[in-house]
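Below, all heavy atoms of this structure are taken into account, side chains as well, without hydrogens, waters or symmetry copies. Residue numbers begin at 1 in each chain, while the letters A, B, ... track the order of the sequences.
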There are 2 protein chains.
Amino acid sequence: MAAKSNGQVSKVLDGPINPMVTPLLTDLYQFTMAYAYWKAGKHNERAVFDLYFRKNPFGGEYTVFAGLEECIKFIANFKLAEDEIDFVRESLSSSCEDGFFDYLRGVDCSDVEVYAVQEGSVVFPKVPLLRVEGPIAVVQLLETPFLNLINYASLVATNAARHRFVAGESKMLLEFGLRRAQGPDGGIGASRYCYMGGFHATSNVAAGKLFGIPLRGTHSHAFVSSFMSPDEIIDKSLHSSDKRSTCEDFVSLAQTWLNKIQWSNSLNGTFGETNQSELAAFTSYALAFPDNFLALVDTYDVMRSGIPNFCAVALALNDLGYKAAGIRLDSGDLAYLSSEARKIFCIIEKEFGVPGFGKMVITASNDLNEETLDALNKQGHEVDAFGIGTYVVTCYAQAALGCVFKLVEINNQPRIKLSEDVTKVSIPCKKRSYRLYGKEGYPLVDIMTGENEPPPKVGERILCRHPFNESKRAYVVPQRVEELLKCFWQGPGGVREDLPPLNDIRERCISQLAKMRPDHMRRLNPTPYKVSVSAKLYDFIHFLWLNEAPVGELQ
Amino acid sequence: MAAKSNGQVSKVLDGPINPMVTPLLTDLYQFTMAYAYWKAGKHNERAVFDLYFRKNPFGGEYTVFAGLEECIKFIANFKLAEDEIDFVRESLSSSCEDGFFDYLRGVDCSDVEVYAVQEGSVVFPKVPLLRVEGPIAVVQLLETPFLNLINYASLVATNAARHRFVAGESKMLLEFGLRRAQGPDGGIGASRYCYMGGFHATSNVAAGKLFGIPLRGTHSHAFVSSFMSPDEIIDKSLHSSDKRSTCEDFVSLAQTWLNKIQWSNSLNGTFGETNQSELAAFTSYALAFPDNFLALVDTYDVMRSGIPNFCAVALALNDLGYKAAGIRLDSGDLAYLSSEARKIFCIIEKEFGVPGFGKMVITASNDLNEETLDALNKQGHEVDAFGIGTYVVTCYAQAALGCVFKLVEINNQPRIKLSEDVTKVSIPCKKRSYRLYGKEGYPLVDIMTGENEPPPKVGERILCRHPFNESKRAYVVPQRVEELLKCFWQGPGGVREDLPPLNDIRERCISQLAKMRPDHMRRLNPTPYKVSVSAKLYDFIHFLWLNEAPVGELQ
């Protein structure tokens, strides 16, 4: 155990959350290549790979980086089990030599180094999220699991942050997506990374247990329709909140309140007959959870049945010293219904002298996404909390982030990947990267440099060049310089950064997003954040490019 | 252990593939409702829920049902562990009574019945995929995990089937999506259900091990660019295929062939200098896998470098009695490049007398989806195998299927869920459903009936009614009647259907798809398949609807 730079002693890490994340969770070609490297005696050549994406998702200009902790836990425990080696042997050609499988038996990540941006950071295209260095055959085996663990995590954290941005900071965001997620840990990962991106709670109990995320949930339409009428409620008694008295017939108390509401002057005959199965369900739910009564009011008819039934039960609870929590709307015109519900709550507060009744929490759900949230804001609404499912967890607007993993150096030789499409050309060399901040405290530009170049200095002018467009360049005098890649792994005993708790990562994410210049963040036509390379790196990229690209012949 | 109707003895089932699928993988409200049911003494009331979807995905008119095996394995092992019960206790209100947690401790699925459509079947909106019956509190706990396990599985199996339909039956389809999938078992589930939907192989090694799916994969661009030149290859010897002779310098042999190609008359100076790092990589890969040489040819330039380098190495292998497997194209104009590559292969077959060289397998990848496959077909191409990743596994065109789980009966009382939106009204009653086939062998219509109605009979005319549109109805004289819901669970010792092996499910899926009337299957403007109810059920739905819906008042 080594002392760590930040004072902490590095300790043995658990494996990834999902036990299915094993060294076999990779593409077959990583093993065929490992064999070919081994056969050529190249497997221990030291290689550097960058993991990065080329384009921000959802038509935006920022991305939240997530998934790092799982990657580090994965490599800390990377070891092929005997049955896994047997399976690889079966899957490769029968002509593969035994020595390779002996080699695989000894493979671990003790000789691998991972430098990464801190999880929860705001990140941009082309700048490495991870720089992974080690024996080429081993690092290649990590490619697919790293991409798998980072692509979706970053995508869904970004999606959550975008939804939070549109909903507004004062609103509570609840992730309700488990049932529509892409598989079990599509659901569990979604809950974790939505929380990281700024959501406040989830309905997913497993995620609550695994990650300590606050849980929310009350009842469904089926609960309401499972009741027939209040007659079927057998135990009708309810203690008062202070336990000093007992109401022997809470069902009648609620019924009495319903009558009062129906005959109230201020409500002026708004309400007629309500659905009795709904009233029975609400009363039953209040008897079970008198201190946390929140009712789904749209099973039959929100304004004619759900709202008066809810108010009756809430007022009955109020008589016994309990405060009802609120309602949930799951269909219809949420702007209209929330505003109407608010009006009724305020009228009741006045008419019956129940302080705070007007401030009842209104939760809305039903296929919400960035567009519908934006439309609700434009119409005006009285919703306090949004339950968002399908659109946030499946990243419906763009279901994949395209992170890639590219070789940038081998045996100290820089490598470049060319492409007809200039956006797909990789930036060669083992690099460092920095975020430069301006006078107003906003990040101005990210800059990549060769590993051995001197770092940008506060107050010193530096030329930042677009990596591929020679005419795009700018001088910057940074007021603050932040090195982006930090060491998260250099073997099991190595000095490395902490893996902070989820709440700290969430705080980092929220505070970094808040510090971005607003024009990068807007939903429509945001300004791209600048990503650059040093003048020296620029020259080297273009020297290497010309060197590698074949000269065409026009015929 | 009970004897089964199909002669098999039911046996203890393993749990779900992903150990994260536990009773806590559910929404909190399932537990709050369970408590409220328990508190009201309603928890053991017998309830029937239907699991179904409302709309086929991807603008199509069919869906492939998948995920059933995982559901059955889940309920066969459903039991809350002590730490899970403790966590539920912490998550609910502190006022919840201890007796509830004692109750939870005893909960299992021995009193639950699951009737389901067979996995791999072609299915349609509104018709139950599962009918789940049991004590209401227990069945509600199953809602979220069942939806989670079925929604994505069915979506991705359908997506795979659609891709196969466009690619054409003669093409090989490879699933390469692990790196872009929504989390680890987004990847593992995708591999399983793409195979079920008609794909032929996957790159995902873990899925290969878990499910026996054939594996495919060769090498990446990084492998190519990790080499500098053929000089670095140390062990240059290669045995002939029959082991009778050894070529001591395979590198020179490949180089010699490259010169021959460059100076060939028929190729007429097509090729100039090729990239030496690529030639080194191909030669190395061939030395590692002489009997399965498949090269990625687009790292530098397909026509100027990749193809001639590949042909040189393939011809060198041919000298030693090996047949090269083919090439992969991962960028550029796949229609053009595959056709040009085919031409070269055919010329080489002739010029150098290498039988079969022209039939070399050409694999294409690079962001393929239904549209690009369709466009390739229209242009004409020479691709034999498609590697499809992101678009198939993340279901990019539509990232979620909206299966729902609705209460249709409690204590033998039919229940209906109303909605302003008629497509969201549920079909009440514990039901049976049948597929009726016409003279030409095609399925004509699915019909739902009440549980105790006599089943439709072959040769007897039956009226099939649209469930909600009174003017849509048709008489059908079925030539074959297939009951759709079969018993897959009635407690651990109960008689039930087998859970067939993956390959059988895949066969069912492929053969059912082949038997559909072609107009339901086409990609653009397909004809909707008819889904209906019996006359008796129609009348009952509308009786119940009128009974439950409040009468409006216009003011």
Side-chain angles (χ1 to χ4, degrees), chain A residues 18-21 24-29 32-33 35-36 39-41 87 91 93 136 144 147-148 151-152 178-180 182-189 203 205-206 209 215 217-223 225-226 234 284-285 288-289 291-292 301 304 390 394 396 399-400 407 410 415 417 550, chain B residues 18-21 24-29 32-33 35-36 39-41 87 91 93 136 144 147-148 151-152 178-180 182-189 203 205-206 209 215 217-223 225-226 234 284-285 288-289 291-292 301 304 390 394 396 399-400 407 410 415 417 550:
Chain A
N18 187 342
M20 296 171 90
V21 181
L24 294 199
L25 191 74
T26 198
D27 291 308
L28 181 66
Y29 77 5
T32 54
M33 286 193 280
Y35 181 72
K39 187 83 171 81
F87 184 74
S91 305
S93 164
I136 189 162
T144 315
L147 289 171
N148 178 278
N151 264 325
Y152 175 61
L178 176 58
R179 63 187 58 198
R180 301 281 169 84
Q182 296 200 352
D185 71 6
I188 288 171
S203 64
V205 184
K209 184 163 190 282
L215 288 171
T218 54
H219 68 81
S220 69
H221 295 119
F223 181 80
S225 50
S226 78
I234 298 157
S284 254
Y285 196 79
F289 297 101
D291 47 10
N292 191 22
D301 186 305
R304 283 205 294 257
T390 311
T394 67
Y396 206 88
L407 179 70
I410 183 163
R415 303 304 282 158
K417 159 79 181 75
Chain B
N18 187 341
M20 298 171 89
V21 181
L24 294 199
L25 191 74
T26 198
D27 292 308
L28 181 67
Y29 79 3
T32 55
M33 286 192 280
Y35 180 72
K39 187 85 170 81
F87 184 73
S91 305
S93 163
I136 189 163
T144 316
L147 288 171
N148 178 277
N151 264 324
Y152 175 61
L178 177 57
R179 61 187 59 198
R180 300 281 168 82
Q182 296 200 351
D185 69 8
I188 288 172
S203 65
V205 184
K209 183 163 189 282
L215 288 170
T218 53
H219 67 82
S220 69
H221 295 117
F223 181 81
S225 49
S226 77
I234 299 157
S284 253
Y285 196 80
F289 295 101
D291 46 11
N292 191 22
D301 187 305
R304 282 206 294 256
T390 311
T394 67
Y396 206 87
L407 179 70
I410 183 163
R415 303 304 282 158
K417 159 80 180 74

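- Between chain A and the residues B/Val21, B/Ile410, B/Thr390, B/Thr218, the most heavy-atom pairs under 4.5 angstrom are made by B/Thr218.
- Contact detail for B/Ala36 and A/Ala288: the closest heavy-atom pair is CA-CB, 3.7 Å.
- The CZ atom of A/Arg180 sits 11.5 Å away from the CG atom of B/Asn148 when rounded to the nearest 0.5 Å.
- Contact annotation: the side chain of A/Ser225 never approaches that of B/Lys417 to less than 4.5 Å [non-hydrogen atoms, C-beta and beyond].
- Contacts between B/Ile136 and chain A at a heavy-atom distance below 4.5 Å involve the side chain alone, from C-beta outward.
- Applying the side chain to side chain contact (heavy atoms under 4.5 Å, CB included) rule to A/Ser203 yields the partners A/Phe176, B/Asp27; only residues at least two apart in sequence or on another chain are considered.
- In this structure, B/Asn18 CG and A/Asp185 CG are separated by 5.5 Å, a value rounded to the nearest 0.5 Å.
- Counting heavy-atom pairs closer than 4.5 Å to chain A, the top residue among B/Ile234, B/Asn151, B/Asn292 is B/Asn151.
- Rounding to the nearest 0.5 Å gives a distance of 3.5 Å between OG1 of B/Thr32 and OH of A/Tyr285.
- The shortest non-hydrogen separation linking B/Tyr396 to A/Ala400 is CE1-N, 3.7 Å.
- Taking all atoms of both residues into account, the shortest heavy-atom contact from B/Leu407 to A/Ala222 is CD2-O, 3.7 Å.
- Among all heavy-atom pairs drawn from B/Leu215 and A/Ser91, the shortest one is CD1-OG, 3.6 Å.
- By number of non-hydrogen pairs under 4.5 angstrom with chain B, the leading residue of A/Thr394, A/Asp291, A/Ile188 is A/Thr394.
- When all heavy atoms of A/Phe87 and B/Lys209 are compared, the pair lying nearest together is CZ-N, 3.2 Å.
- The line from CZ of A/Arg179 to OG1 of B/Thr144 is 4.5 Å long, rounded to the nearest 0.5 Å.
- Interface residue A/Leu25: backbone and side-chain heavy atoms are both found under 4.5 Å from chain B.
- The two residues A/Phe289 and B/Ser93 come nearest to each other via the heavy atoms CD2-CB, 4.0 Å.
- For the set B/Ala206, B/Gly217, B/Ala399, the count of heavy-atom pairs under 4.5 angstrom toward chain A peaks at B/Ala399.
- With sequence neighbours excluded, no residue forms a ring pair (Phe, Tyr, Trp, His ring centres under 6.0 Å) with A/Tyr29.
- Proximity to chain A (any heavy atom under 4.5 Å) is shown, for B/Phe223, by both the backbone and the side chain.
- In this structure, the separation between CG on B/Leu178 and OG1 on A/Thr26 is 7.0 Å, given to the nearest 0.5 Å.
- A 4.5 Å side-chain heavy-atom check between B/Ser226 and A/Met33 finds every atom pair outside the cut-off.
- Most heavy-atom pairs under 4.5 Å with chain A: of the set B/His219, B/Lys39, B/Met20, this distinction falls to B/Met20.
- Contacts of B/His221 with chain A are made by side-chain atoms alone, with heavy-atom separations under 4.5 Å and no backbone atom involved.
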